[in-house]
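In each ligand, atom 1 is the first atom listed, and ligand 1 is the first ligand listed. Along the sequence shown, residues carry numbers from 1.
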Amino acid sequence: MPRHVAIIMDGNGRWAERRHLPRVAGHRAGAESVRRAMQAAADAGVEVLTVYAFSSENWRRSEEEVADLKGLMRYYVERELETLKRERVKLKLIGEPGAFGNDLYDRLQRAVAETAANDRLTLVVALNYGSQAEIASAARELAGKAARGEIDPHAIDEQAIGSLLQTHDLPQLDLLIRTSGEVRLSNFLLWQAAYAELVFTETLWPDFDEAAFNAALAEFARRQRRFGGR
Ligand code: FPP
């Protein structure tokens with residue numbers, strides 16, 4: 001069983017398009033899928049579920065769509081807070097969510113604080129997240145320490161970088177799922193995915209249900225993980 005599963009939730013737009021609905025309807029259905037995945041992960045005994053809700057590249061979408069996504073997040077964090085508490089799910093954020101403005105940021109931080117003691121599942125939501133920026137930030141921090149003589153540059157190893165990433169307190173990523181048939185990582189958890197099993201499925205994110213989640217877990221179980229050994 002993987003301890004840490006991450007998902008690139010892709011295909012909301014196409015799901016809506018096929019139904020002749022506005023894109024926001026796809027994102028709304030996608031938000032329902034997040035709740036289902038969270039439940040499936042908790043039921044399966046997964047410890048951490050990380051979802052890519054907004055990438056640092058998503059700002060390139062239309063103003064209207066960005067506003068819709070922000071609205072949805074606000075709605076979701078309000079409405080789902082009770083679910084998170086009831087299901088004993090701890091919310092954690094990665095990325096730079098401050099860019100969404102004080103109101104949404106404060107609500108998110110409140111939900112993080114109010115669920116901090118929960119221990120059944122950790123739901124990590126990546127908001128305005130970009131993996132290269134995350135690694136660059138760790139590099140800047142280490143360079144600053146080296147320049148101030150606080151560390152020896154030769155002592156900078158994988159561990160030193162990993163400990164400065166926003167995921168430093170999470171178990172190693174075991175399984176990364178991407179929906180909707182796209183086969184790329186799109187700047188998501190590049191460092192963390194070093195030894196993760198990758199599962200790509202044709203299912204559009206709003207159609208990704210508990211059975212689909214369990215199918216990905218079964219695929220993971222079939223793979224033999226060698227971590228570079230034999
Ligand atoms: C990708 O579909 C999905 C997104 C960019 C946003 C994901 C957001 C949610 C699922 C809802 C909010 C999340 C939470 C945690 C409340 P796409 O629009 O790129 O689909 P397409 O490739 O078919 O156009």
Side-chain angles (χ1 to χ4, degrees), residues 5-42 46 48-85 87 89-97 99-101 103-105 107-112 114-115 121-131 166 176-189 200-210 212-213:
V5 178
I7 309 182
I8 301 176
M9 312 182 285
D10 200 2
N12 294 348
R14 276 162 285 166
W15 183 92
E17 219 166 87
R18 284 178 198 175
R19 287 165 177 73
H20 308 287
L21 294 170
R23 293 181 63 82
V24 65
H27 294 315
R28 214 174 283 137
E32 291 303 320
S33 248
V34 173
R35 162 202 274 179
R36 274 199 312 242
M38 181 173 90
Q39 195 71 56
V46 168
V48 180
L49 177 68
T50 300
V51 295
Y52 206 4
F54 196 95
S55 80
S56 44
E57 286 77 32
N58 283 151
W59 296 107
R60 293 194 204 125
R61 297 193 174 199
S62 73
E63 223 173 282
E64 185 192 355
E65 187 170 353
V66 170
D68 284 341
L69 281 166
K70 278 166 69 173
L72 204 58
M73 282 179 232
R74 174 175 317 166
Y75 173 72
Y76 188 88
V77 73
E78 290 293 293
R79 200 196 56 176
E80 292 302 314
L81 183 54
E82 288 316 308
T83 315
L84 297 178
K85 288 182 181 169
E87 300 291 332
V89 176
K90 172 166 149 175
L91 180 68
K92 176 184 162 76
L93 307 174
I94 58 170
E96 306 296 337
F100 291 116
D103 178 56
L104 181 51
Y105 184 70
R107 285 169 200 256
L108 287 163
Q109 288 304 340
R110 221 174 305 141
V112 167
E114 288 184 28
T115 60
L121 173 78
T122 299
L123 175 69
V124 182
V125 181
L127 289 172
N128 190 24
Y129 174 85
S131 190
Q166 295 185 314
L176 175 64
I177 302 168
R178 182 169 191 153
T179 59
S180 91
E182 308 291 343
V183 187
R184 52 177 176 271
L185 296 181
S186 299
N187 203 15
F188 189 50
L189 303 179
F200 297 97
T201 157
E202 294 292 326
T203 308
L204 302 178
W205 175 248
D207 293 327
F208 194 87
D209 57 11
E210 182 167 12
F213 188 85

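- The main-chain N or O of E57 is found under 3.5 Å from a side-chain atom of S55 such that the two form a donor-acceptor pair.
- Taking atom 22 (O) of ligand 1 as the reference point, the nearest protein heavy-atom neighbour is R14 NH2, 2.9 Å.
- In terms of protein heavy atoms, atom 11 (C) of ligand 1 is closest to H27 O, 3.7 Å.
- Scanning the protein for heavy atoms near atom 1 (C) of ligand 1, the closest one is M9 O, 3.0 Å.
- Of the protein's non-hydrogen atoms, the one nearest atom 20 (O) of ligand 1 is G13 N, 3.0 Å.
- Within the 4.5 Å cutoff, side-chain heavy atoms of M73 are placed close to those of L127.
- Every residue meeting the ring pair (Phe, Tyr, Trp, His ring centres under 6.0 Å) condition with F100, not counting sequence neighbours, appears here in chain and number order: F54, W59.
- Side-chain atoms of R14 come within 3.5 Å of backbone atoms of S180 as a donor-acceptor pair (strictly under, hydrogens ignored).
- Using 4.0 Å as the threshold, M73 has no heavy atom nearer than that to any atom of ligand 1.
- For the pair G11 and ligand 1, the shortest N or O to N or O distance falls below 3.5 Å.
- Ring geometry for Y52 against Y129 counts as perpendicular: the plane angle is over 60°, on a 0 to 90° scale with 30° as the lower cut.
- Atom 9 (C) of ligand 1 has N12 ND2, 3.9 Å as its closest protein atom, hydrogens excluded (heavy atom only).
- In this structure, R19 is positioned above the aromatic face of W15, its NZ or CZ under 6.0 Å from the six-membered ring centre and within 45° of the axis.
- Residue L69 has no nitrogen or oxygen atom sitting less than 3.5 Å from a nitrogen or oxygen atom of ligand 1, judged on distance alone.
- By the 4.0 Å heavy-atom criterion, S180 is excluded from the residues contacting ligand 1.
- In this view, F208 and W205 satisfy the ring pair (Phe, Tyr, Trp, His ring centres under 6.0 Å) rule, not counting sequence neighbours.
- Which parts of ligand 1 touch Y76 is read off a 4.0 Å heavy-atom cut-off, strictly below it: atoms 16 (C).
- Distances shorter than 4.0 angstrom occur between a heavy atom of R23 and an atom of ligand 1.
- Nearest protein neighbour of atom 6 (C) of ligand 1, counting heavy atoms only, is A53 O, 3.4 Å.
- Distances between N or O atoms of W15 and those of ligand 1 include no value under 3.5 Å.
- Counting heavy atoms from C-beta outward, E87 and L121 have side chains that stay 4.5 Å or more apart.
- Residue-level proximity to ligand 1 for R61 is carried by the side chain, the only part with a heavy atom below 4.0 angstrom.
- Dense packing is recorded around NZ of K92, with more than 12 heavy atoms of other residues, nucleotides or ligands lying under 6.0 Å away.
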